[in-house]
Amino acid sequence: MKLQARKGQIGIDRLIRLDWLEKAAYLSLAGNDVPDVKTALQGDLKEAFRSKNISYRGSLDKTITILMRIWNRPPKEFECFCKRGLSLLSNLPTIDHVAVHWGMVMAVYPFWGSVAAYVGRLLRLQGKVLTRQIQMRMRESYGERSTVLWATQKVLRSFVDWRVLADTPIKGTYVPSFCLPIENPDLIAWLAEAFLYSQDKESAPLDTILNSPIFFAFRLSYVSSRSLVKASAGRLDWVRQGLNQDLIILKNSKGA
């Protein structure tokens with residue numbers, strides 16, 4: 001997969017509710033084929049989209065397309081990564097599902113990860129974020145396009161729906177809502193892979209991955225490079241770089 005080919009793409013420009021993603025994932029886990037998944041999602045989401053707005057049908061269809069691209073019809077290079085994510089959902093406690101959905105979304109849609117990274121950096125600096133701050137930084141990265149402002153706003157509202165950010169009395173100002181500890185080594189290894197995909201990189205220092213602001217809503221437990229690679233089931237490798245820095249490497253950039 002040519003990761004750099006995705007650079008600059010937005011793709012995710014709709015509010016994506018967590019329960020919609022959970023529904024989409026479980027439709028796949030139940031063995032439904034793509035047409036049946038689409039029909040089921042249309043039935044479940046239509047009330048949420050019902051309005052007098054003439055763009056109702058287009059908005060619903062676009063949202064379903066995004067949901068299915070994440071869990072039901074992912075890009076070919078992410079098919080195996082998606083299957084491992086679905087396996088995690090079926091075996092992990094429900095409280096950890098938010099981290100699995102987070103990893104899959106940011107792998108398929110790097111724009112989501114870019115917004116998350118800026119949010120995480122600002123939260124570390126000032127404990128809150130303003131919509132205009134994030135939009136300004138996203139425009140610097142993705143260009144002066146009106147779609148960047150719209151998509152950034154939708155991702156931020158999705159963060160609120162996922163309860164990783166909370167509204168404040170000041171409109172457009174958000175504060176962190178929770179920080180979920182992630183201790184399962186299989187999940188941490190899978191999230192490390194998601195990080196590399198989202199950043200369009202084939203390697204990164206272990207500390208950079210575990211402490212990345214992209215995971216601002218989570219606290220990834222420390223795992224050694226050896227343990228991380230073992231938990232990845234052959235997906236990752238590592239080398240020692242310098243005296244005390246370990247580099248985590250994506251072994252197969254085609255996601256097979």
Side-chain angles (χ1 to χ4, degrees), residues 1-3 5-51 53 55-92 94 96-116 147 150-162 164 187 190-191 193-198 200 214 254-256:
M1 175 179 56
K2 295 182 179 180
L3 295 173
R6 301 190 302 158
K7 192 173 181 64
Q9 295 180 358
I10 297 176
I12 188 163
D13 59 354
R14 307 283 154 174
L15 174 70
I16 301 300
R17 297 192 185 279
L18 185 59
D19 61 334
W20 296 347
L21 276 176
E22 190 84 342
K23 176 69 174 181
Y26 273 91
L27 284 168
S28 276
L29 284 170
N32 292 279
D33 58 22
V34 169
D36 288 341
V37 169
K38 185 173 183 178
T39 298
L41 289 175
Q42 286 174 332
D44 284 355
L45 271 63
K46 66 181 180 181
E47 290 302 323
F49 280 80
R50 193 177 299 279
S51 71
N53 192 322
S55 65
Y56 156 72
R57 173 55 59 186
S59 295
L60 175 60
D61 288 346
K62 288 177 181 178
T63 299
I64 290 176
T65 296
I66 291 172
L67 294 173
M68 294 183 66
R69 185 174 173 81
I70 294 167
W71 283 124
N72 314 105
R73 192 169 51 193
K76 185 174 178 60
E77 60 267 24
F78 290 116
E79 287 178 353
C80 290
F81 180 73
C82 177
K83 289 178 182 178
R84 294 196 307 279
L86 289 171
S87 178
L88 287 169
L89 287 175
S90 66
N91 289 287
L92 289 172
T94 302
D96 287 336
H97 286 195
V98 61
V100 183
H101 291 300
W102 191 271
M104 193 65 197
V105 177
M106 74 182 203
V108 175
Y109 291 105
F111 187 87
W112 177 282
S114 295
V115 175
T147 51
W150 170 263
T152 300
Q153 173 70 8
K154 292 303 179 183
V155 171
L156 289 172
R157 295 313 301 172
S158 297
F159 290 174
V160 174
D161 176 81
W162 291 35
V164 300
L187 176 54
W190 187 83
L191 288 173
E193 189 176 345
F195 172 87
L196 293 172
Y197 285 135
S198 73
D200 291 345
I214 205 171
K254 292 186 179 180

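Considering only heavy atoms from C-beta on, Asp13 comes within 4.5 Å of Ile66 through its side chain. Put simply, the side chain of Ile64 reaches to within 4.5 Å of the side chain of Leu45, judged on heavy atoms. In this structure, the side chains of Phe111 and Thr152 come closer than 4.5 Å at one or more pairs of heavy atoms. Annotation: side chain of Phe81 is not in contact with side chain of Pro74 (no heavy-atom distance under 4.5 Å). By the 4.5 Å heavy-atom criterion applied to side chains, Ser59 and Arg14 are counted as neighbours. Proximity of Asp61 to Gln42: side-chain heavy atoms (C-beta onward) are separated by under 4.5 Å at one or more points.
Going from atom CD of Gln153 over to atom OG of Ser158 covers 10.0 Å, rounded to the nearest 0.5 Å. Between the CG atom of Leu187 and the CZ atom of Arg84 there is a distance of 12.5 Å, given to the nearest 0.5 Å. With values rounded to the nearest 0.5 angstrom, Trp112 atom CH2 is found 13.0 Å from Lys154 atom NZ. Once rounded to the nearest 0.5 Å, the distance linking CG of Leu41 with NZ of Lys23 reads 7.5 Å. Here CD1 of Ile70 is found 5.0 Å from CG of Leu21. Values are rounded to the nearest 0.5 Å.
Scanning for salt bridge (Lys or Arg N to Asp or Glu O under 4.0 Å) contacts around Arg17 gives Asp161, with sequence neighbours left out. Scanning for salt bridge (Lys or Arg N to Asp or Glu O under 4.0 Å) contacts around Arg73 gives an empty result, with sequence neighbours left out. Ser114 meets the side-chain hydrogen bond (donor to acceptor under 3.5 Å, both in side chains) test with Tyr142; sequence neighbours excluded. Residues forming a side-chain hydrogen bond (donor to acceptor under 3.5 Å, both in side chains) with Asp19 (at least two apart in sequence, or on another chain): none. Listed by chain and residue number, Ile10, Arg145 satisfy the side-chain contact (heavy atoms from CB on, under 4.5 Å) test with Thr147 (two or more places apart in sequence, or in another chain).
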(message) side-chain contact (heavy atoms from CB on, under 4.5 Å) for Met106 and Phe195? Distances and angles first, verdict last.
(response) CA-CA 8 Å; Met106 74 182 203; Phe195 172 87; 4.2 Å; yes
(request) Take Ile12 and Val105 through the test side-chain contact (heavy atoms from CB on, under 4.5 Å) and record every step on the way to the result. (result) CA-CA 9 Å; Ile12 188 163; Val105 177; 3.9 Å; yes
(request) Give the C-alpha distance, both sets of side-chain angles, the deciding distance and a yes or no for side-chain contact (heavy atoms from CB on, under 4.5 Å) between Leu89 and His101. (result) CA-CA 9 Å; Leu89 287 175; His101 291 300; 3.9 Å; yes
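Between Trp102 and the options Phe159, Trp190, Tyr109, a ring pair (Phe, Tyr, Trp, His ring centres under 6.0 Å) holds for only Phe159.
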Please table the atom pairs, donor to acceptor, closer than 3.5 Å between any side-chain atom in residues 27-36 and protein atoms at least two apart or in another chain.
{"unit_1": "Ser28", "atom_1": "OG", "unit_2": "Trp71", "atom_2": "O", "d": "3.2"}
{"unit_1": "Ser28", "atom_1": "OG", "unit_2": "Asn72", "atom_2": "ND2", "d": "2.7"}
{"unit_1": "Asn32", "atom_1": "ND2", "unit_2": "Leu27", "atom_2": "O", "d": "2.8"}
{"unit_1": "Asp33", "atom_1": "OD1", "unit_2": "Asp36", "atom_2": "N", "d": "3.1"}

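Between Ile214 and Gly113, the shortest heavy-atom distance links the atoms CG1-O, 3.4 Å.
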